[in-house]
Amino acid sequence: MPIENKSEFERELAYHTAPAMLGVKPANLLALEGSEKTLHKNAENFNKRAAAKGLKIKELSRVKGRTLMLLYNERLLEKQLCLSDVKTMFCRFGYKGCCSTCEYLERLARRIGAKGDFPHEIGLFLGYPTEDVKGFIENKGENYLCCGYWKVYSDEEGAKKMFRRFNNCRSYIVSRLDKGDDIYKALRIPQ
């Protein structure tokens with residue numbers, strides 16, 4: 001369903017990006033249908049208002065009327081990108097020389113825009129365990145232990161616990177919207 005107004009945009013954010021908005025994971029990915037102008041305007045407004053909480057939306061690509069966006073927590077994503085095992089994996093995917101979060105995100109956007117497979121390193125931006133990202137690549141998406149927010153190849157119990165935590169984040173934000181709050185009030189962002 002195409003996004004036509006601020007309320008619909010906020011509801012999609014709440015449903016798809018609550019864990020990142022609440023600081024439980026570094027980023028969430030969402031694909032929204034709607035006019036490029038409307039989505040861009042809503043993303044810009046969010047970025048202005050949510051900057052106080054270190055939250056940002058990066059538009060990654062636009063294909064066939066859908067915009068792919070990454071909502072991220074600047075502090076958590078920066079911390080994620082500095083982990084040694086994550087940096088090592090990024091080097092294998094052509095991110096060598098990237099020094100800032102902005103450089104990593106620009107490289108990701110270019111890789112998404114290129115023809116071919118969707119870049120599997122997206123899982124590293126989203127905070128998935130490196131062992132699960134490796135397992136997904138090596139097994140071509142098959143032979144996983146369980147599947148929730150990602151396909152799990154290593155710590156099944158830890159992943160299930162995290163999936164429940166992500167679901168709780170979603171329930172909290174969505175319930176606040178159901179009670180009439182906007183996304184900013186739900187996140188305790190001042191007017």
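Values in this document were obtained by computation on a predicted structure and should not be read as measured data. Along the sequence shown, the residues carry numbers beginning at 1.
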Asker: Indicate whether any N or O donor in one side chain lies under 3.5 Å from an N or O acceptor in the other, for Tyr153 and Glu138.
Answerer: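 Note: Tyr153 and Glu138 side chains miss the donor-acceptor criterion.
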Asker: Between Ile183 and Glu10, which heavy-atom pair has the shortest distance, and what is it?
Answerer: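 Looking at all heavy atoms of both residues, the closest pair is N-OE1, 3.0 Å.
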Asker: Give a yes or no on whether the ring-centroid distance for Trp150 and Tyr144 is below 6.0 angstrom.
Answerer: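 Ring centres of Tyr144 and Trp150 not closer than 6.0 Å.
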Asker: Are Lys151 and Glu142 ion-paired here, with the side-chain N under 4.0 Å from a carboxylate O?
Answerer: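 Result for this pair is no, no salt bridge flagged.
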Asker: Locate the shortest heavy-atom distance separating Ala20 from Leu55; write the atom from each residue and the value.
Answerer: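 Looks like O-CD2, 3.7 Å.
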Asker: Could you check Leu108 against Tyr95 for side chain to side chain contact (heavy atoms under 4.5 Å, CB included), going step by step and ending with a plain yes or no?
Answerer: CA-CA 9 Å; Leu108 175 64; Tyr95 288 76; 3.7 Å; yes
Asker: Does this structure show an ion pair linking Arg11 with Asp178, if we count only N-O contacts that are shorter than 4.0 Å?
Answerer: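 A salt bridge links Arg11 with Asp178.
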Asker: Relative to Tyr72, does Lys58 satisfy both conditions: NZ or CZ under 6.0 angstrom from the six-membered ring centre, and within 45 degrees of the ring's axis?
Answerer: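 No - Lys58 does not lie over the ring of Tyr72 by the 6.0 Å and 45° rule.
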Asker: Can Tyr149 and Asn167 be said to form a side chain to side chain donor-acceptor pair (under 3.5 Å), step by step?
Answerer: CA-CA 10 Å; Tyr149 284 83; Asn167 287 338; 2.5 Å; yes
Asker: Glu36 and His40: side-chain donor and acceptor closer than 3.5 Å?
Answerer: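 Not at all, the side chains of Glu36 and His40 share no donor-acceptor pair under 3.5 Å.
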Asker: Without swapping roles, check the side chain of Glu106 against the backbone of Glu103 for a donor-acceptor pair under 3.5 Å.
Answerer: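 Here the side-chain-to-backbone pair does not exist.
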Asker: Quick check: closest heavy atoms across Lys25 and Asn28, and the distance to 0.1 Å?
Answerer: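 What the structure gives for the nearest pair is NZ-ND2, 3.3 Å.
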Asker: Mark yes or no: Arg170 above the aromatic ring of Tyr15, with NZ or CZ under 6.0 Å from the six-membered ring centre and no more than 45 degrees from the axis.
Answerer: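 So Arg170 does make the cation-pi contact.
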Asker: Closest heavy-atom contact between Ala43 and Phe9?
Answerer: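 Scanning both residues completely, I find the closest heavy atoms to be N-CZ, 3.8 Å.
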Asker: Evaluate the salt bridge (Lys or Arg N to Asp or Glu O under 4.0 Å) criterion for residues Glu44 and Lys48: first the C-alpha distance (whole Å), next the side-chain angles of each, then the deciding distance (0.1 Å), finally the verdict.
Answerer: CA-CA 6 Å; Glu44 272 189 340; Lys48 286 177 191 168; 5.1 Å; no
Asker: Can you tell whether the side chains of Lys160 and Glu156 come within less than 4.0 Å, N to carboxylate O?
Answerer: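 Answer for the salt bridge query: yes.
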